[in-house]
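Labels below follow one simple rule: chain letters A, B, ... track the order of the sequence lines, proteins then strands, and each chain is numbered from 1.
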Amino acid sequence: MSILKRDFYLRPNVVQIARDLLGKFLCTESDGELTSGIICETEAYAGITDRASHAYGDRRTARTEIMYRVGGTAYIYLCYGIHSLFNVVTNEEGVPDAVLIRGIIPVDGTGIMLQRSGKVKVTNDFGIGPGRVSRILGIHYSWSGLDLLIETGKNCKPAIWVEDRGIRIDPSLILSGPRIGVDYAGDDALLPYRFTWKKM
DNA sequence: CGGCCGATCCACT
DNA sequence: GTGGATCGGCCGA
């Protein structure tokens, strides 16, 4: 097991990174509780030319500025006034590529994850949905800008990172399709930038 | 300023 | 299948 290094995130092809994140472990330490899950659904957002992206048209605002940071930064924003949606920033500083994590298979800390969700049982869809990912992992949009390569946890500040624990998804099992909820993006809504894999 | 709306989820029918 | 929750970001006036 190893924490993904900077060079993983610095690669220029955000779509490839979205595929490569499948099977990796998204881990957090929030309120002193360690939780993790296997990333099982992702979406790529491809910089200033992607109409579905918050950075489309090179629009720099206080919020999207995080997307322009160096690969390996957390970009988290509030959606529908309720949900914190977590993205991994990729590419070199100045290029606003990001991968939205849309689903995890819970692994470590399922007890605290259940507690956070207000549910009593871990169902099959327990970690599916970007809002749920953040809810059960204790991710808050105030964490936006955290570096995924610095352990800031230690029972005080929140920490978030991605680990490789050796799971390899056979590329032939990876499924792609259009991204969810981006109808406003015109032709770009049709791009096959959403990734999952076929479970047997 | 004011108003619209979103990379969603859940309860309810 | 549908609608309400809930509020910051963004744009236009």
Side-chain angles (χ1 to χ4, degrees), chain A residues 9 13-22 24 26 28 35 37 39-69 71 73-91 95-106 110 113-146 148 158 160 162 175-196:
Chain A
Y9 302 107
N13 187 339
V14 66
V15 174
Q16 185 60 47
I17 294 176
R19 301 175 69 103
D20 291 345
L21 280 169
L22 296 175
K24 302 296 190 290
L26 178 57
T28 63
T35 50
I39 297 170
C40 62
E41 184 177 341
T42 62
E43 280 178 0
Y45 287 84
I48 64 174
T49 60
D50 181 353
R51 297 185 67 168
S53 170
H54 293 160
Y56 173 64
D58 202 18
R59 178 150 39 86
R60 284 177 181 258
T61 66
R63 180 177 68 153
T64 65
E65 196 62 33
I66 304 296
M67 298 183 76
Y68 289 81
R69 291 203 194 169
T73 300
Y75 170 56
I76 309 161
Y77 68 94
L78 184 65
C79 189
Y80 292 98
I82 301 173
H83 307 288
S84 290
L85 268 54
F86 169 73
N87 300 253
V88 171
V89 173
T90 71
N91 217 321
V95 184
D97 291 349
V99 176
L100 172 67
I101 306 303
R102 290 195 61 90
I104 61 167
I105 300 165
T110 51
M113 288 195 259
L114 274 173
Q115 199 175 312
R116 286 169 178 157
S117 72
K119 306 246 170 83
V120 295
K121 188 166 179 281
V122 176
T123 54
N124 280 340
D125 63 349
F126 181 64
I128 304 304
R132 289 177 182 166
V133 169
S134 290
R135 181 159 186 193
I136 66 181
L137 291 178
I139 298 168
H140 189 265
Y141 63 84
S142 63
W143 297 15
S144 194
L146 285 184
L148 303 179
I160 185 163
V162 183
L175 307 172
S176 64
R179 293 168 291 186
I180 304 295
V182 296
D183 298 341
Y184 57 85
D187 290 342
D188 288 346
L190 305 175
L191 293 170
Y193 281 3
R194 173 173 176 244
F195 300 99
T196 57

Practice prompt. Grab the CZ-C1' distance between R63(A) and dG9(C) for me, whole Å please.
Written response: 6 Å

Worksheet item: By a strict heavy-atom criterion of less than 4.0 Å, which residues belonging to residues 124-141 of chain A are in contact with DNA chain B?
Response: G129(A), P130(A), G131(A), R132(A)

Practice prompt. Find the distance between CG (L148(A)) and OH (Y9(A)) and round it off to the nearest 0.5 Å.
Written response: 5.0 Å

Fill in: Between dG9(C) (P) and I66(A) (CD1): distance, integer Å
11 Å

Discussion item. Main chain of T64(A), side chain of T61(A): is a donor-acceptor contact present, judged purely on distance under 3.5 Å?
Written reply: yes

Worksheet item: Between R132(A) (side chain) and D125(A) (backbone), is there a donor-acceptor pair under 3.5 Å?
Response: yes

Worksheet, complete the sentence: H83(A) atom NE2 is separated from dA5(C) atom C1', nearest whole Å, by 8 Å

Discussion item. Can you see if the side chain of R59(A) gets near the phosphate of dG9(C) - specifically, an N or O under 4.0 Å from OP1 or OP2?
Written reply: no

Worksheet entry | Gap between atom CG of L85(A) and atom OG of S134(A) - 0.5 Å precision | 6.0 Å

Item to complete: Assess whether side chain to side chain donor-acceptor pair (under 3.5 Å) is satisfied between D188(A) and Y45(A), documenting all intermediate values.
Response: CA-CA 10 Å; D188(A) 288 346; Y45(A) 287 84; over 6 Å; no

Worksheet item: Are the side chains of T35(A) and I136(A) in touch, meaning some heavy atoms are under 4.5 Å apart?
Response: no

Worksheet item: Hey, what do you get for CD1 (I139(A)) to OG (S84(A)), rounding to the nearest 0.5 Å?
Response: 8.0 Å

Practice prompt. Identify, between S117(A) and L85(A), the residue whose nearest nucleotide on DNA chain B lies closer to the 5' end.
Written response: L85(A)

Item to complete: Give the C-alpha distance, both sets of side-chain angles, the deciding distance and a yes or no for side chain to side chain contact (heavy atoms under 4.5 Å, CB included) between F86(A) and I160(A).
Response: CA-CA 10 Å; F86(A) 169 73; I160(A) 185 163; 3.5 Å; yes

Fill in: dT6(C): pairing nucleotide in any strand, Watson-Crick or G-U under 3.5 angstrom
none

Practice prompt. Decide yes or no on side chain to side chain contact (heavy atoms under 4.5 Å, CB included) for N87(A) and Y77(A), but give the supporting numbers first.
Written response: CA-CA 9 Å; N87(A) 300 253; Y77(A) 68 94; 3.7 Å; yes

Item to complete: Provide the start and end nucleotides, 5' to 3', of the part of DNA chain B that has atoms under 4.0 Å from heavy atoms of chain A.
Response: dG6(B) to dC10(B)

Fill in: dC5(B) to dG3(C) separation - C1' atoms, rounded to the nearest Å
16 Å

Worksheet item: At under 4.0 Å between heavy atoms, what does L78(A) touch on the DNA or RNA strands: base, sugar-phosphate, or nothing?
Response: sugar-phosphate

